[in-house]
Amino acid sequence: MLSLNYIRENKHTILAGLEKRQFKPLSIIDEIIALDQKRREQKNELDNILAQANQKAKEIGMLFKQGKAEEANELKAATVAFKEKSKTLQESLQQTTAALHDLRTQIPNIPHDLVPNGTSEKDNKIVFTEGEIPKLADDALPHWELASQYGLIDFELGSKITGAGFPVYKGKGARLQRALINYFLDKNTAAGYEEMQVPHLVNADSGFGTGQLPDKEGQMYRVPEDDLFLIPTAEVPLTNLYRNQLLQAKELPICLTGYTPCFRREAGSYGAHVRGLNRLHQFDKVEIVRIEEPQNASAALEEMVNHVKGLLADLQMPYRILRLCAGDLGFTAALTYDFEIFSTTQNRWLEISSVSTFNSFQAERLQLRYKNKQEKKQLVHTLNGSALALPRVVAGLLENCQSPKGIKIPDVLVPYTGFEWIN
RNA sequence: AGAGAGGUGGCCGAGUGGUCGAAGGCGCACGCCUGGAAAGCGUGUAUUCCGUCAACGCGGAAUCGAGGGUUCGAAUCCCUUCCUCUCUGCCA
């Protein structure tokens, strides 16, 4: 969410940013500025009434103390008008404030200067490519067939107990999941991220804090009985750990990592692209989150990108990095790098990590600030990224590492799996 | 899940209807004292919003878990709700 001060003072920057995103209608900004003006006028009027009412109340108190009950009671009658007036003013001020808040929640983050123009994923810019795409035999199989052939994942069983998109991992398949999670957590903590175990259900305030609510309400599973949401990513609980906080500069940066399952309704998805592990309702992901001083956020983003590069290099996966264009950028992000590994048998790139900086967009919603060197309170910058999301890593790994002898586990994972081959 | 107690500033803790945004203490900052430090002494020390100012500041409003209500006036009384603690129950 953009702060009111920022909107007031940077109207043209904001309009340019929204235009880049093809956001409509742009008139919303003028609407906000006008409403804000109205809010301040109403606030002023109300404050004046309340000041007068407070004054009268004090006088009445004094009179009672001095035993002048009669005079006091006379004054009481004079306060009735204040009371009525302040009540109606208070109500309209509340309405204005709520309307203003509502409008502000509809505005996405302003894209960073580096964000390319564009309307869809076709316009994302490839900024880095690494690794050889392996040449596989003609009879190489897609991961869902390998998973079934080696008894690693049972999609039908998941369908039976829950529904489509909730796979059951079995035997070496389950062990591979656990190995990847542990491997990622170890690498992340070695890089200075503190490991956290967080709840997998969050309340609406948390959903709002990171921007899932109200924007993506339909994408989250909810538990209406208790008014909770299943997390779509560990970003939500991890970042919200610091909601409503005033940090000291020396506490920053805060670097966290955590493994959680992620739950997504994925309403509207269909077709071959959701086959196998490509798109699931429940999947595992290890997330990294950083809370930074604004001036350090760019460097932090680069560090995170490099860290994820390191993970993929270890796994010996061919991958590329995309800088998302304005049209493909998430609602809350200012700049996003997507990591994609190449799925040889599907002949397509699969997104396995998304690393983003949010500037102060989430911090404003979270009310997460710090005291800077000048002792002034300032919103922090938040960043996060997947390091990594499991299913498509598994998909790529199965497909790219297959051979007539079976599937060769990458060396770095062997200490975690306890086996070198799936065969 | 049931019964009881409670939620006050960075922390502890007083405050049951009237100059209370809140005593006192701790902590912290600055100053005095000291060769230096400790101790001691003094001063200061919440946040948000609105207005005003070039700025320091000044004026006003709101905030004692959150939201409503009673009252001329609420930290204090009433209702709702969340959370914490104790006991009982249940349970991986």
- Message: I need the CG-C1' distance between A:Leu50 and B:G59, as an integer number of Å.
- Response: 15 Å
- Query: Rounded to the Å, how far apart are A:Asn203 CG and B:C83 P?
  - Reply: 10 Å
- Task: Can you establish whether the number of heavy atoms outside A:Lys408 located under 6.0 Å from its atom NZ is more than 12?
- Result: yes
- Considering just the side-chain nitrogens and oxygens of A:Gln37, establish if one lies under 4.0 Å of OP1 or OP2 belonging to B:C50. no
- Message: I want to check one thing: is the phosphate of B:G51, taken as OP1 and OP2, less than 4.0 Å away from some side-chain N or O of A:Arg39?
- Response: no
- Minimum heavy-atom separation for A:His381 to A:Ser360, with atom names? CD2-N, 3.6 Å
- Task: Measure the distance from CG on A:Asn54 to P on B:C50 and round it to the nearest whole Å.
- Result: 19 Å
- Looking at every strand, decide which applies to A:Ile60 at a 4.0 Å heavy-atom threshold: base, sugar-phosphate, or nothing. base
- Message: I need the NZ-P distance between A:Lys56 and B:A61, as an integer number of Å.
- Response: 14 Å
- Taking only Lys NZ, Arg NE, NH1 and NH2, and the carboxylate oxygens of Asp or Glu, determine whether A:Arg222 and A:Asp227 approach each other closer than 4.0 Å. yes
- Which part of the nucleic acid, if any, lies within reach of A:Gln94 when heavy atoms closer than 4.0 Å are counted: base, sugar-phosphate only, or nothing? sugar-phosphate
- Message: Classify A:Phe82 by what it touches in the nucleic acid, base, sugar-phosphate, or nothing, heavy-atom distance under 4.0 Å.
- Response: nothing
- A:Asn44 side-chain N/O to B:C49 phosphate OP1/OP2 under 4.0 Å: no
- Would you say A:Lys58 reaches B:G18's phosphate, i.e. side-chain N/O to OP1/OP2 under 4.0 Å? no
- The single option from A:Glu399, A:Arg392, A:His143 that satisfies side chain to side chain donor-acceptor pair (under 3.5 Å) with A:Ser343 is A:Glu399
- Find the distance A:Leu89:CG to B:C49:P and express it as a whole number of Å. 21 Å
- Query: With sugar-phosphate meaning primed atoms plus P, OP1 and OP2, does A:Asn48 contact a base, only sugar-phosphate, or nothing at under 4.0 Å between heavy atoms?
  - Reply: nothing
